[in-house]
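Input: a single structure, listed below in structure tokens.
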Number of protein chains: 2
Amino acid sequence: MRIRPGGQVTLADVARESGVSPATASRALHGGGGRVVGQDLRERIVEVARRLHYVPNAHAQALAGGSTATVGLVVHDITDPYFAAIARGVIAVAAERGALVTVGTTFRSMERELEFVRTFRAQRADAIVLAGSGFEDADYRAAMREELDHQRRTGGGCAVVSEHDLPVPTVLPGNREGAAGLGRALVAMGHRRFAVAGGPPCLTTVRHRIEGFLDALAACGVPLCDVELLDHPFSEDGGRAAARELLDRGSRATALFCVSDVMALGALDVLAAAGVAVPDDLSVVGYNDVPMMRRLVPAVSTVRLDLEAMGRSAMELAVDHGSADAPVVRFPAEVVLRASTAPPAAVPAREGGR
Amino acid sequence: MRIRPGGQVTLADVARESGVSPATASRALHGGGGRVVGQDLRERIVEVARRLHYVPNAHAQALAGGSTATVGLVVHDITDPYFAAIARGVIAVAAERGALVTVGTTFRSMERELEFVRTFRAQRADAIVLAGSGFEDADYRAAMREELDHQRRTGGGCAVVSEHDLPVPTVLPGNREGAAGLGRALVAMGHRRFAVAGGPPCLTTVRHRIEGFLDALAACGVPLCDVELLDHPFSEDGGRAAARELLDRGSRATALFCVSDVMALGALDVLAAAGVAVPDDLSVVGYNDVPMMRRLVPAVSTVRLDLEAMGRSAMELAVDHGSADAPVVRFPAEVVLRASTAPPAAVPAREGGR
DNA sequence: CTGTTAGCGCATTCAA
DNA sequence: TTGAATGCGCTAACAG
């Protein structure tokens, strides 16, 4: 970025122009230190500041010991409605507390994620919130742990959303349980052959959802060897790729579990283009219940998470907890069955199934 | 926010521990000033810094004359896909240039918008981008003009998306033309009686779209007194309210123009619940072509704007232009007719209409 | 190549 | 109530 030339109006300018000392100007403008400035004097100073368009230098203020009133939020992709909803919650609480939110977008890169945390630490953010899924990587985890550790040790707050396996305040969405509930619901409907469109297993969220789903199937007596695992990016395009793979390999699955709504969106696109009828030929489910899912035709079955509340909770945990404790707040997941799921054609809705 | 207790590891600590001067440590760690530090010495210092978990204080760096590599982005609502798309463009370009983006969410309050700009100025942001519509308010405009003026005068960049009538770099989406094209298309289809679900006319974007639409209708000979103006908030809920008003007053309109897709979404919800068939009973159109519109059933006719490109362009304008010039980059709007629009039932698709 | 000196703009001790 | 002095952590001159 460009170097900024001088030309700023400083507190000293305001003080000189008002005929007072910088200290007095500072007190008049920001009322610090419990000290009070004479009514008329203050008014005069404020007036001069306005006339000069004085804007305090936030860096100087921070450096001189004041608070930065800044919160760093790390997300994978701000255009993903999942993160948008969480961000909304975080921003709302931050606003209530007079803090500004800085959003860092990592596009799912571990290096970038660490880099953002370091940058936020450099900015001395009052709190750092990690909204994205953690990675299944020992080095990453150790590095992140150290960063957050120091963040807290130096008086800053932090919180993570999703399982990161880090000793910091954590907001835990029901991933295993929700996916398990979905699995049971599908089995109860009569499905026996499944495909799972999963993101990369290095994402903890992905792994948990898949495990929860498979565990439930196994518990219901479904042979897991019949489950096709489609491993693709955790994105709309990834969903598209998964659906294409499904089609290409001539899958016999009657139900497709996409580990996120966004992936389901992509998959549905490809399926529609290929003439696959949902749910008649194939039932499709997603995860998160972002607002769009209920409006599609057919409306998409999914698992509801109160994303905005999770964001709010994360922000609150981040600012309200010292380095001592690391509370965990769990958010329940609720299976929402809609029109994109139906008993498989081969197994009419006969009672009892099997 | 909480005050941050001390405990930070400083450059001085690293220097002392390494047995060198702070200046040397600074150079070794950040390689500034063209000066070079001896290979082995540097390595030792870097090692010490790592061991101590040294994180430079960004405020001190900024204060001492370095760049802040920070960009402030002001939006009305980050969960609105319109802004999410623009933000994505802004973030992408900022990332290319090594800058971090700070997002401020105003929820359409003029005061908050000004407050964010002041805050970004206080943070000495390298650039400030206003992504939301401007307001039709002389005081607001004058205040914003002064703020941005000073931002630029002090070496910072800035840019606005949408008509703000400010002498700064501007990205202009086709609002009047797009809305006019929509109006003509609807008239060509045979529609004569219209309703317009508009946001508050104090938003410049809203006013331009409505004016463009009405002008086109007038040019086509449609009596404007037959156009019902529904004035509601510029949001999904506003769209809902507009549709309810339409229903309540027993409107005879055959086509509903919603000034944004998000409003159209809300309106469609209410219409569906009320049993109004789209497009058979009522044609509905939106604006912006956010990704969801093409997936709804019926797919929604709208006006396409390349939002992400607009965001990219704004960011580029902001950093590449000094206070001298204020270029205007126009982005074309393209009418996209889909299934939510059809000739009105009363006027079968007879050639020529009228 | 490295150390020394001097501020960046502000809030906050202290003294008056 | 106000003013003077100090230092936050760092970088950018200058010397050496």
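Numbered from 1 within each chain, the chains take letters A, B, ... in sequence-line order. Here the structure is a predicted model, which is why all the values come from computation and not from measurement.
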Integer-rounded Å distance: D:dC8 P and A:L11 CG: 19 Å
Geometric class of the A:H150/B:H53 ring pair [parallel <30°, tilted 30-60°, perpendicular >60°]: tilted
Between D:dT11 (P) and B:H30 (NE2): distance, integer Å: 5 Å
Between D:dG7, C:dT2, C:dG3, which nucleotide gets closest to the side-chain atoms of A:A64? D:dG7
When the distance from CD1 of B:I45 to P of D:dC10 is rounded to whole Å, what number comes out? 14 Å
Please state whether the phosphate of D:dT11, meaning OP1 or OP2, lies under 4.0 angstrom from any side-chain nitrogen or oxygen of B:Q61. yes
Check: B:F135 main-chain N/O paired with B:R141 side-chain donor or acceptor under 3.5 Å: yes
For the residue pair B:E43 and B:Q39, confirm or rule out a side-chain donor-acceptor distance under 3.5 Å. yes
Starting from the 5' end of DNA chain C, give me the residue, B:D40 or B:A60, whose nearest nucleotide shows up first. B:D40
Short N-O contact, A:R44 and A:E47, less than 4.0 angstrom: no
Please confirm whether the shortest side-chain N or O distance from B:S26 to OP1 or OP2 of D:dT11 is below 4.0 Å. yes
What is the separation between atom CG on B:D13 and atom C1' on D:dG9, rounded to the nearest whole Å? 10 Å
If you look at every strand shown and take non-hydrogen atoms under 4.0 Å, does A:P56 touch a base, only sugar-phosphate, or nothing? sugar-phosphate
Separation of C:dT2 P from B:Q39 CD (nearest whole Å): 11 Å
Whole-Å gap separating C1' (D:dG9) and NE2 (B:H59): 11 Å
In whole angstroms, the gap separating P of D:dG3 from CZ of A:R27 amounts to 8 Å
Heavy-atom donor-acceptor pair, A:R124 side-chain to D:dG9 base, under 3.5 Å: no
Below 4.0 Å: OP1/OP2 of D:dG3 and any side-chain N or O of A:T24: yes
A:T10 side chain near C:dG9 phosphate (N/O to OP1/OP2, under 4.0 Å): no
Ring-plane angle category for A:H30 and A:Y54, please: parallel below 30°, perpendicular beyond 60°, tilted otherwise. tilted
Atom CG of B:L63 and atom C1' of C:dC10: how far apart are they, to the nearest Å? 8 Å
